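Single-structure report; data block below.
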Amino acid sequence: TKGISHILDIEGRVDVVINNAGIAIAGSMEDISIEEFKSQFETNLFGVLRVCQAILPQMRNRKSGCIINISSIGGVMGIPFQGAYSASKFALEGMTESLRIEVKPFGIRVVLIEPGDFKTDFTKNRIITKGFDPNSAYAGQFETALSMMEDEERNGANPHLLALLAEKIINTT
């Protein structure tokens with residue numbers, strides 16, 4: 001929220017916010033710790049909530065603005081061995097839908113984007129749960145699923161397409 005305060009001090013207003021921060025903690029639901037699960041939510045859900053709460057008063061007072069929350073296909077369907085990630089994105093979807101309804105009377109648009117895989121550094125930044133055991137009953141399935149996910153991410157769409165979509169949303173009234 002310090003960043004938003006800084007921007008408001010300099011610019012006086014924020015017309016559009018795109019919440020795109022996210023992390024992925026991979027591992028079986030049995031192996032992930034409560035602390036890791038909380039960490040997943042801290043970034044993917046609570047971080048978005050903090051940004052929205054910081055920006056909404058000035059948007060509401062102006063009766064205009066647009067908030068775009070980036071979710072994932074993992075917010076529509078559970079992704080094996082990324083259960084914490086999917087859970088955080090499902091929660092983001094519910095929060096975004098509620099927010100959209102709450103702020104509509106104030107002229108604020110809230111949009112949710114549910115992309116699939118894009119070619120970004122998401123793959124190399126994925127965190128493997130500390131509880132992962134290469135000798136675990138899940139190890140074979142986990143390695144196969146992780147390999148497939150990483151291949152799809154490395155060969156995903158150009159992230160510029162997501163930027164073009166966001167631009168189209170912003171320019172649509």
Side-chain angles (χ1 to χ4, degrees), residues 1-26 32-79 82-127 129 153 156-173:
T1 60
K2 286 182 184 178
I4 291 182
S5 294
H6 180 73
I7 292 168
L8 290 173
D9 288 344
I10 293 171
E11 298 296 328
R13 66 189 276 169
V14 172
D15 297 313
V16 177
V17 169
I18 301 175
N19 286 303
N20 190 38
I23 62 168
I25 300 176
I32 192 167
S33 71
I34 297 298
E35 291 76 26
E36 289 170 318
F37 208 91
K38 286 180 179 179
S39 173
Q40 182 76 77
F41 271 71
E42 188 60 42
T43 299
N44 293 10
L45 181 68
F46 299 128
V48 172
L49 178 60
R50 285 185 190 95
V51 170
C52 289
Q53 288 176 332
I55 204 66
L56 279 169
Q58 69 90 26
M59 284 184 171
R60 188 173 29 76
N61 288 337
R62 282 194 358 261
K63 297 205 178 300
S64 71
C66 180
I67 297 172
I68 300 173
N69 290 338
I70 309 296
S71 182
S72 166
I73 192 71
V76 179
M77 58 182 269
I79 300 174
Q82 293 214 130
Y85 176 81
S86 286
S88 70
K89 293 301 187 171
F90 269 84
L92 177 62
E93 302 229 352
M95 183 184 81
T96 301
E97 184 65 16
S98 296
L99 179 62
R100 182 187 65 76
I101 295 165
E102 292 172 5
V103 300
K104 186 176 181 179
F106 299 104
I108 302 167
R109 292 185 310 136
V110 179
V111 178
L112 180 73
I113 298 176
E114 301 162 319
D117 293 319
F118 280 84
K119 193 183 298 186
T120 66
D121 285 341
F122 199 70
T123 300
K124 79 175 188 181
N125 293 321
R126 180 177 282 108
I127 300 163
T129 185
E153 291 162 355
N158 184 325
H160 184 67
L161 296 173
L162 193 55
L164 291 173
L165 176 60
E167 184 179 350
K168 185 170 181 71
I169 290 167
I170 293 165
N171 293 324
T172 303
T173 53

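The model shown is predicted, which means the values in this text are computed figures rather than measured ones. Any value given below was found using the heavy atoms of this structure, including those in side chains, with hydrogens, waters and symmetry copies removed.
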Intermediate values then yes/no, side-chain contact (heavy atoms from CB on, under 4.5 Å), Ile101 and Glu97: CA-CA 7 Å; Ile101 295 165; Glu97 184 65 16; 4.1 Å; yes

Val16 and Ile18: CA distance, side-chain angles, deciding distance, side-chain contact (heavy atoms from CB on, under 4.5 Å) verdict: CA-CA 7 Å; Val16 177; Ile18 301 175; 4.1 Å; yes

Evaluation steps, side-chain contact (heavy atoms from CB on, under 4.5 Å), between Ile23 and Asn44: CA-CA 7 Å; Ile23 62 168; Asn44 293 10; 3.9 Å; yes

Residue pair Asn61, Gln58: steps toward the side-chain contact (heavy atoms from CB on, under 4.5 Å) verdict: CA-CA 5 Å; Asn61 288 337; Gln58 69 90 26; 5.5 Å; no

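The side-chain hydrogen bond (donor to acceptor under 3.5 Å, both in side chains) test applied to Thr43 returns no partner, not counting sequence neighbours. Residues passing the side-chain hydrogen bond (donor to acceptor under 3.5 Å, both in side chains) test with Ser39, sequence neighbours excluded: none. Listed by chain and number, the residues in a side-chain hydrogen bond (donor to acceptor under 3.5 Å, both in side chains) with Asn69 are Asn19, Thr96 (sequence neighbours excluded). Residues passing the salt bridge (Lys or Arg N to Asp or Glu O under 4.0 Å) test with Glu114, sequence neighbours excluded: none. For Glu36, the side-chain hydrogen bond (donor to acceptor under 3.5 Å, both in side chains) criterion is met by Ser33, Thr129, not counting sequence neighbours.
Sequence neighbours left out, the pairs with a member in residues 40-64 that pass ring pair (Phe, Tyr, Trp, His ring centres under 6.0 Å) are Phe37-Phe41. For residues 46-57, the pairs satisfying salt bridge (charged side-chain N to carboxylate O under 4.0 Å, His left out) are Glu42-Arg50, with sequence neighbours left out. Applying the salt bridge (charged side-chain N to carboxylate O under 4.0 Å, His left out) test to every pair with at least one member in residues 157-169, sequence neighbours left out, gives no pairs at all. Listed by first then second residue, pairs satisfying salt bridge (charged side-chain N to carboxylate O under 4.0 Å, His left out) with a partner in residues 55-68 read Asp15-Arg62, not counting sequence neighbours. Identified under the ring pair (Phe, Tyr, Trp, His ring centres under 6.0 Å) test for residues 52-71, with sequence neighbours left out: none.
Nearest heavy-atom pair, Arg109 versus Ile170, reported as atom, atom and distance to 0.1 Å: NH2-O, 3.4 Å. Here the closest non-hydrogen pair linking Ile169 and Cys66 is CG2-SG, 4.4 Å. Closest heavy-atom contact between Pro57 and Ala54: CD-O, 3.8 Å. Nearest heavy atom pair, residue Ser64 against residue Arg13, reads OG-NH2, 4.4 Å. Between Ile68 and Ala166, the shortest heavy-atom contact is CD1-O, 4.0 Å. Of all heavy-atom pairs between Ser88 and Gln40, the closest is OG-CG, 3.9 Å.
Here the OG-CG distance, from Ser72 to Leu112, works out to 10.0 Å after rounding to the nearest 0.5 Å. One distance of note links NZ of Lys38 with CD1 of Ile25; it measures 13.0 Å at 0.5 Å rounding.
Between the Lys89 side chain and the Ile70 main chain, a donor and an acceptor come within less than 3.5 Å of each other. Side chain of Ser86 to main chain of Ile79: a donor-acceptor pair is present (N/O by atom type, distance under 3.5 Å, no hydrogens or angles).
Using a 4.5 Å heavy-atom cutoff, the side chains of Val17 and Cys52 are not in contact. For the pair Val103 and Leu99, the minimum side-chain heavy-atom distance is below 4.5 Å.
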N/O donor to acceptor pairs below 3.5 angstrom from side-chain atoms of residues 2-10, sequence neighbours left out:
from, atom 1, to, atom 2, distance (Å)
Ser5, OG, Thr1, O, 3.2

